[in-house]
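A note on names: the letters A, B, ... follow the listed sequences, proteins ahead of strands, and every chain is numbered from 1.
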Amino acid sequence: MSYLTLDGVSHYYFSKKQYTESLHNISFSVKKNEFVALLGPSGCGKSTLLSMISGMLQPAEGEILINGEKIEISDLEIGYMLQQDYLFPWKTIIDNVLIGPQIRKRQTSDLKQKAIALLEEVGLKNVTDKYPSELSGGMRQRAALIRTLITEPEILLLDEPFSALDFQTKLKLEVLVSDLLKAYQKTAVLVTHDIGEAISMSDRIILMSSNPGAIAKIYDVPVELRDESPFLARKHPKYGRLFDKIWADLDQQKHTVKPVEENAYERS
Amino acid sequence: MNGPKLFAAYQQKLKKEAKIVLTWQLSILILFFAFWEVASRLYWIDPLLFSSPSRVFSSIWGRLIQGSLLGHIQITLFETILGFLIGTIAGIVIASMLWSFHRFSKVMDPYLVVFNAMPKVALGPILIVALGPGYLSIIAMGFIISVIVTTLVVFAAFNEVDQNYLKVLRSFDASKWQCFKEAVFPASLPAIISTLKVNVGLSWVGVIVGEYLVSKQGLGYLIIYGFQVFDFTLVMSSLVIIAILAAIMYKTVEKIEQLLIRK
């Protein structure tokens with residue numbers, strides 16, 4: 001039973017003199033509670049795809065359905081996490097976390113208690129009245145995660161949320177996010193260019209090629225790896241095998257890839 | 001542990017540095033007035049034209065006791081603060097409108113550029129004709145001289161706000177107004193404060209020039225009057241008062257900055 005469906009989605013970028021097809025005929029579906037990773041080189045349009053799933057960007061062609069409903073009219077909550085925390089520096093951590101409910105005018109004191117509890121759950125105690133600049137990068141990204149989760153999104157979109165962190169913090173956060181998503185039974189789409197991250201966190205990996213962005217291959221992550229936490233999954237023998245396979249496919253892609261100019265059709 | 005000791009030494013160093021800077025600042029001030037006084041008494045400069053500190057301060061004192069000076073100060077201060085506030089607030093409001101309506105900003109662009117480049121003081125005579133030779137023209141002068149530059153600077157600051165902040169808000173279905181209120185405006189506050197600082201100076205220019213042109217009262221009037229009756233002590237006295245008032249106004253803006261922007 002598919003929950004999120006993309007059907008023949010294409011997208012174009014326009015400049016004054018030419019247009020570029022950035023995404024070509026993307027179709028895939030995500031089941032409820034599934035964790036899917038979109039893996040690909042930078043510039044393959046994976047972030048654009050995420051923007052479209054979030055409903056902020058309309059696909060030029062094709063359609064995106066959630067629960068069989070068009071994304072624009074669906075009032076399902078979608079959580080979006082960006083490459084950096086983007087906590088508002090002039091707001092305290094608690095105000096940052098509660099910005100979603102505040103904007104939707106659904107702020108209650110219960111929600112505040114819940115936010116504090118969630119913050120404590122991710123190891124952020126006694127920081128509620130601090131400002132983001134007083135926190136480390138990892139702590140800030142954790143606060144940003146809670147900001148996304150507090151609105152109880154049905155689908156979580158993660159746009160390389162760990163890419164700006166140091167390796168140790170990144171691993172810890174991967175484990176945390178993976179645990180939280182399992183605990184709260186969320187559906188998630190992760191965009192990343194890190195093969196290891198894709199394998200260790202997700203149930204399925206969609207490998208993309210660029211110019212124009214298209215689906216190159218889809219891998220099912222072995223069950224043994226899915227059930228492990230990202231940290232332990234990295235040590236599993238099957239991890240190495242899948243890594244090598246994806247690496248080889250990416251490498252081959254690089255050799256067959258066409259230069260950008262050929263795909264940027266001149267408008268005459 | 002050497003920590004506390006080194007920290008105390010560091011604090012000592014900071015204090016000492018502050019003291020040295022303050023000593024220099026005071027020395028320059030005193031030297032300036034001392035040199036002015038001496039130069040005037042020894043006729044290195046013409047005391048009739050450049051007056052002297054002793055005369056300036058006794059003139060200020062005399063007029064204060066007499067009660068005529070306070071009225072002039074009040075009027076000029078009132079006009080300047082009003083011109084400053086209206087100019088700044090109107091500039092921020094116009095910038096917000098430009099930000100809200102993208103096409104409007106594109107349409108207005110050449111007009112803003114022309115109006116910004118134009119010497120606003122040249123509009124003085126037209127203002128007097130339109131608004132009459134009174135407060136209104138002078139306040140309008142203080143307003144007109146700061147409004148366009150405020151608009152341009154604040155609008156530029158609005159546009160430089162990191163789009164990802166807006167993306168975060170839009171993922172929560174924020175409206176355009178909510179995006180403005182929660183992200184664009186607070187992120188632009190430092191730029192807004194720095195235009196406030198520029199506008200303090202500009203509104204003084206506008207008001208003093210306005211008083212040159214029309215008024216029968218105020219510090220600008222005193223300067224022109226002193227010039228006409230060849231009383232340069234009066235001109236210098238007004239200048240000293242303006243310098244002090246402008247500095248106080250600037251410091252007030254700085255205090256507001258400290259209150260609004262937490263680092």
Side-chain angles (χ1 to χ4, degrees), chain A residues 47-48 50-57 71-72 74-92 95-107 129-134 140-141 143-145 147-153 155-161 164, chain B residues 7 88 92 95-96 99-100 102-103 105-107 109-110 153-197 253-263:
Chain A
S47 293
T48 311
L50 220 52
S51 286
M52 289 200 280
I53 298 174
S54 78
M56 279 186 234
L57 196 65
I71 197 110
E72 303 96 271
S74 162
D75 50 346
L76 271 179
E77 296 278 345
I78 291 179
Y80 203 144
M81 251 185 107
L82 300 167
Q83 286 168 15
Q84 282 167 44
D85 53 81
Y86 291 109
L87 295 173
F88 298 100
W90 50 86
K91 282 180 185 285
T92 57
D95 287 342
N96 262 297
V97 166
L98 291 173
I99 185 92
Q102 188 205 320
I103 279 173
R104 297 201 164 111
K105 301 187 173 70
R106 280 183 214 151
Q107 215 168 2
D129 293 324
K130 288 197 169 152
Y131 287 91
S133 58
E134 298 171 80
R140 291 164 62 150
Q141 195 59 296
L145 177 68
R147 171 174 70 184
T148 313
L149 289 177
I150 196 85
T151 55
E152 301 193 340
I155 297 183
L156 209 61
L157 305 174
L158 307 163
D159 190 354
E160 303 190 32
Chain B
F7 182 57
T88 308
I92 294 170
S96 312
W99 181 83
S100 311
H102 189 59
R103 185 175 290 147
S105 77
K106 283 198 280 191
V107 170
D109 183 63
V153 173
V154 173
F155 180 53
F158 284 168
N159 282 326
E160 271 162 33
V161 174
D162 193 330
Q163 288 300 308
N164 284 305
Y165 283 121
L166 301 182
K167 209 169 174 182
V168 168
L169 290 175
R170 254 183 258 129
S171 79
F172 297 122
D173 296 329
S175 64
K176 195 151 192 175
W177 161 243
Q178 281 173 322
C179 285
F180 182 78
K181 190 172 63 128
E182 299 294 341
V184 174
F185 188 78
S188 309
L189 258 186
I192 291 174
I193 297 281
S194 58
T195 58
L196 287 187
K197 287 179 178 170
V253 171
E254 240 175 19
K255 281 273 175 265
I256 294 172
E257 176 179 26
Q258 283 165 8
L259 283 178
L260 285 180
I261 299 174
R262 282 168 297 227
K263 284 277 148 68

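Contact count against chain B (heavy-atom pairs under 4.5 Å) is highest for A/Gly100 among A/Gly79, A/Gly100, A/Ala144. Ranked by heavy-atom pairs under 4.5 Å with chain A, the first of B/Ala183, B/Ala187, B/Ser175, B/Pro186 is B/Pro186.
Only the backbone of A/Ile78 comes within contact range of chain B, with at least one heavy atom under 4.5 Å from a heavy atom of that chain. Neither the backbone nor the side chain of A/Leu157 comes within contact range of chain B; no heavy atom of the residue lies under 4.5 Å from a heavy atom of that chain. Neither the backbone nor the side chain of A/Ser54 comes within contact range of chain B, judged by heavy atoms closer than 4.5 Å.
Between B/Tyr165 and A/Trp90, the ring-plane angle classifies as tilted under the 30° and 60° cut-offs.
Here the closest non-hydrogen pair linking B/Ser171 and A/Arg104 is O-NH2, 3.8 Å.
Contacts of B/Glu254 classified as salt bridge (Lys or Arg N to Asp or Glu O under 4.0 Å), with partners at least two apart in sequence or in another chain: B/Lys251.
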**OP:** List the steps and the verdict of side-chain contact (heavy atoms from CB on, under 4.5 Å) for B/Glu182 and A/Lys91.
**Re:** CA-CA 10 Å; B/Glu182 299 294 341; A/Lys91 282 180 185 285; 2.7 Å; yes
**OP:** Could you go through the side-chain contact (heavy atoms from CB on, under 4.5 Å) check for A/Ile103 and B/Asp173 one step at a time?
**Re:** CA-CA 8 Å; A/Ile103 279 173; B/Asp173 296 329; 5.7 Å; no
Original post:
Step by step, would you call A/Gln84 with B/Asn164 a side-chain contact (heavy atoms from CB on, under 4.5 Å)?
Top reply: CA-CA 9 Å; A/Gln84 282 167 44; B/Asn164 284 305; over 6 Å; no
